[in-house]
Each structure stands twice: as structure tokens, then as C-alpha cells.
Amino acid sequence: MPQPPKTRDAITLVLKEMGPMTAEEIAQELGMKLKTVQSAICIARKKPQKYFYIVDFVFTPGLNGVPAIYAAGNKRDALRMTRRERSKERYERNRPTRELMHQVMPGNPFGVLIAQVTQ
């Protein structure tokens, strides 16, 4: 007779008590290794009855992987951001820097420093 899944039950309990979290946050909360938590989530999501679903994704610029935020339940997963949406978000985040660079006259390396100090 197979043993009950202890890790999955612990993850479910944490998600129900604290709300949606990333796998890293769950691992810290339970005091487990990240790989153990990720493995348990992956196995629990492959079954016909999903125990966890993806609420959202954490987009962090510069990282190749986009961590998922999990919640307990059997609902549809959230969609990932498309390349166009990520590009638009990065464009908006870097807008102040670009505007500052356009105010400075080209060819003057100290103009950038002066503009940054005066604003």
C-alpha cells in the first residue's frame, strides 16, 4: 500500500493558510529543499486531478526562467506573458533613462553625469 504524500499535503496546507506563493517561498516556509518542493508540485500537477494551479508569473528582467506563483486547487492555469508584453513592460520601465539620455547633447560624456546630478 503506497504511503500518503506528506510533502504535497504540507504544501497544500501552507498554500491554504498563507495564500499563493512561489516554489522558493514555499520551500523557505517549510524548511525544505527547493528541488523537493518543485518535484512535489510537478507530480501533483500531472495527475488528472490537479492539486495546485498557477495563479500568475513573476517576471524578473534578466532571468531566463519566470517563476510561477502557485495556489491550492484545481483551476485553470494563468497564461504566461508573451514576448511582446515583456518587451513593452521593459520599454516602460526604462523610459525615464532614455528620456534623460535624449536631453543630453551627443558627444559630451560628462553631459550624462551632469544631467543625472541636476535632476
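As a basis for the values below, the full set of heavy atoms in this structure was taken, side chains included, without hydrogen atoms, waters or symmetry mates.
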(message) Run the salt bridge (charged side-chain N to carboxylate O under 4.0 Å, His left out) test against R95 and tell me which residues pass, sequence neighbours left out.
(response) E92
(request) Please report the shortest heavy-atom distance between Y53 and A72, naming the atom on each side. (result) CE2-O, 3.5 Å
(request) Go through the structure and list residues passing side-chain contact (heavy atoms from CB on, under 4.5 Å) with T7, not counting sequence neighbours. (result) I11, M32, T36, A40
(request) Please report the closest heavy-atom contact between I69 and P20, naming both atoms and the distance. (result) CG2-CB, 3.6 Å
(request) Report the residues that fulfil side-chain contact (heavy atoms from CB on, under 4.5 Å) with A10, sequence neighbours left out, ordered by chain and then residue number. (result) L30
(request) Find the distance between CE (M21) and CD (Q28) and round it off to the nearest 0.5 Å. (result) 8.0 Å
(message) With rounding to the nearest 0.5 angstrom, report the CD1 to OG1 distance, I26 to T12.
(response) 9.0 Å
(message) A44: which residues meet the side-chain contact (heavy atoms from CB on, under 4.5 Å) condition with it, sequence neighbours left out?
(response) R8, Y51, F52
(request) Flag yes if I54 and M18 sit in one hydrophobic cluster, no otherwise; membership is Ile, Leu, Val, Met, Phe, Trp, Tyr, and two members link when side-chain heavy atoms are under 4.5 Å apart. (result) yes
(message) Just so I know, are the side chains of Y70 and I41 near enough to count as touching, which here means a heavy-atom distance under 4.5 Å?
(response) yes
(message) Enumerate the salt bridge (charged side-chain N to carboxylate O under 4.0 Å, His left out) contacts for residues 17-45, please, sequence neighbours excluded, ordered by first and then second residue.
(response) R45-D77
